[in-house]
Amino acid sequence: MFLDIFLRVFTIFAILLVGVIANRTKVLPNESSPYLISLLLNITTPCLTVYSLMQRKVTDSLKIESIQALAGTTVMIAVSVLLGFIVVRLFQRGKRPNNGLLVSIFTSVNCTFMGFPISQQLFGDTVFYFVVLTNVLFNVFFYGISPIMMNSGSGARENLKKAGRAFRTPIMISIYIGLFLMITKIKIPEPVTNCVGLIGDVTVPLSMLVIGVQLGSSHPKAFLKNYKMLLFSIVKMLLLPIAMIGFVCLFPFANDVKTALALNFVFPVAVATSAIAEQENNDYHLVAEIVTLTTILSLITIPVFATVIKVLFPF
């Protein structure tokens, strides 16, 4: 089983390597990254989301499992924040100005760039559906609560407004459209459906190319000299998934829901975390270092934890 998952992950990450090479050879220079990200977030991922959701049939079990997924995610985000505070306090040996920033980094997970393609490729459309659904809550946390933690509680009103704006992103809108089509069972003309599906199929290779371009422009050797941040990144990529997988075992949920809940927390720090840190006048250079380190580490940890999840929660 591990070999099968490893080969699937390797296939996906091989595209990431192509992105690194393309960046280093200037086929996809640093200047291309914003355009690729815009294409990914505004067109291909929304198309993938709409297409996947409109293919699903609403059943009584799906309704129950959807509620389980949302409730479980809410609890698990809260637990991850608590765990983050404990880890950072131990790591920093007391209260320091950037404790809130490190907690935000610890709890940040790349559910979109990595979560969407990997969940679909490794676990199929059912788990992908739950990952997409729970992404609603992660968006609220990421854009609304996380900046508040970065600022140790200041600017709460402004960041709640940002949480509201998180509901209006193209990916969120695509979730609403997909759920609407799924619930109402409205039939879309086949040529339109096929077009949306074909555009959505671009998401997996494009997301890996984007991460590859970003890694290609980084300097990992310089990051590796910062032993403290390297250790923090290793702890984040090992402790958080282990704790969340163990916590999921306590839920009396269906195994496909448990799979999605656990899988959400095995991914590296979200790339957008550094942009949010910069907006909040925090140390975004530090965040960028940890984003790179955790992404590199995920090449090893994702196959391992994906195998564990598949063994623990067969469906």
Side-chain angles (χ1 to χ4, degrees), residues 1-3 5-6 8-10 12-13 16 72-73 75-93 98-115 118-119 122-123 127 131 134 138 141-142 146 149 211 215 218 220-221 223-251 258-271 273-274 286-313:
M1 181 179 291
F2 174 78
L3 181 60
I5 291 177
F6 176 80
R8 290 190 192 184
V9 174
F10 176 80
I12 297 173
F13 283 163
L16 185 152
T73 299
V75 174
M76 291 180 70
I77 289 175
V79 171
S80 70
V81 172
L82 178 61
L83 181 62
F85 274 111
I86 295 172
V87 169
V88 170
R89 267 299 183 85
L90 293 173
F91 194 80
Q92 296 276 71
R93 294 182 181 178
N98 67 343
N99 276 13
L101 176 63
L102 289 177
V103 173
S104 297
I105 295 171
F106 186 85
T107 54
S108 172
V109 284
N110 198 342
C111 287
T112 304
F113 275 25
M114 277 195 167
I118 288 179
S119 63
L122 294 186
F123 295 95
V127 171
V131 169
T134 55
F138 277 103
F141 172 75
F142 188 71
S146 189
M149 293 194 301
I211 295 172
L215 288 180
S218 64
K221 287 184 179 179
F223 299 161
L224 293 175
K225 293 179 181 178
N226 190 339
Y227 299 113
K228 196 171 184 180
M229 287 305 100
L230 176 60
L231 178 60
F232 182 81
S233 300
I234 293 172
V235 170
K236 185 261 190 296
M237 291 304 295
L238 292 178
L239 180 61
L240 183 61
I242 290 172
M244 293 298 101
I245 290 171
F247 193 74
V248 166
C249 292
L250 302 176
F251 289 137
K258 288 183 177 181
T259 296
L261 294 179
L263 190 64
N264 278 332
F265 290 90
V266 307
F267 301 112
V269 178
V271 177
T273 310
S274 58
L286 172 67
V287 182
E289 285 186 21
I290 298 177
V291 167
T292 302
L293 287 171
T294 55
T295 301
I296 294 171
L297 290 169
S298 72
L299 304 180
I300 301 170
T301 59
I302 287 178
V304 172
F305 286 122
T307 303
V308 172
I309 290 170
K310 205 150 193 171
V311 170
L312 289 176
F313 312 123

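Computed from a predicted structure; not experimentally measured.
- Between F13 atom CZ and I302 atom CD1 the span is 4.0 Å, to the nearest 0.5 Å.
- For the pair T107 and I77, the minimum side-chain heavy-atom distance is 4.5 Å or more.
- Residues satisfying the side chain to side chain donor-acceptor pair (under 3.5 Å) criterion with N264, sequence neighbours excluded, are T134.
- Closest of all the heavy-atom pairs between T301 and S298 is OG1-CA, 3.2 Å.
- Here the straight-line distance linking atom CD1 of I245 with atom CG of L312 works out to 7.0 Å at 0.5 Å rounding.
- The side-chain heavy atoms of S233 and L297, taken from C-beta on, include a pair separated by under 4.5 Å.
- Residue pairs meeting the side chain to side chain donor-acceptor pair (under 3.5 Å) criterion with at least one partner in residues 235-251, sequence neighbours excluded, are absent.
- Residues I290 and T273 form no side-chain contact, since every pair of their non-hydrogen atoms from C-beta on lies 4.5 Å or further apart.
- Two residues are said to be in side-chain contact when any heavy atoms from C-beta on lie closer than 4.5 Å; V248 and F313 meet this criterion.
- Proximity of L102 to L286: side-chain heavy atoms (C-beta onward) are separated by under 4.5 Å at one or more points.
- For F305 and F267, the distance between ring centers is not under 6.0 angstrom.
- Looking at heavy atoms from C-beta onward, N99 lies out of side-chain contact with F85 at the 4.5 angstrom threshold.
- Among all heavy-atom pairs drawn from V131 and C111, the shortest one is CG1-O, 4.5 Å.
- Between the side chain of S108 and the backbone N or O of S104 there is no donor-acceptor pair closer than 3.5 Å.
- When the ring-ring contact (aromatic ring centres under 6.0 Å, His included) test is applied to F247, the partners found at least two apart in sequence or on another chain are F251.
- Shown here for T307 and P303, the closest heavy-atom pair between the two residues is OG1-O, 2.8 Å.
- Counting only heavy atoms from C-beta outward, the side chains of M244 and V79 approach each other to under 4.5 Å.
- Taken from CG in L16 to CD1 in I211, the straight-line distance is 6.0 Å, to the nearest 0.5 Å.
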Inset, instruction - Evaluate the criterion side chain to side chain contact (heavy atoms under 4.5 Å, CB included) for residue pair T294 and F232; output intermediate values, then yes/no. - result: CA-CA 9 Å; T294 55; F232 182 81; over 6 Å; no
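- Note that the CZ atom of F265 and the OG1 atom of T73 stand 7.0 Å from one another [nearest 0.5 Å].
- Considering all non-hydrogen atoms of both residues, A243 and L83 come closest at CB-CD2, 3.7 Å.
- Of the possible polar contacts, one joining the K310 side chain to the L122 backbone as a donor-acceptor pair under 3.5 Å is found.
- The heavy-atom pair separating V81 from V103 by the smallest distance is O-CG1, 4.1 Å.
- The nearest pair of heavy atoms linking V266 to M237 is O-CE, 3.5 Å.
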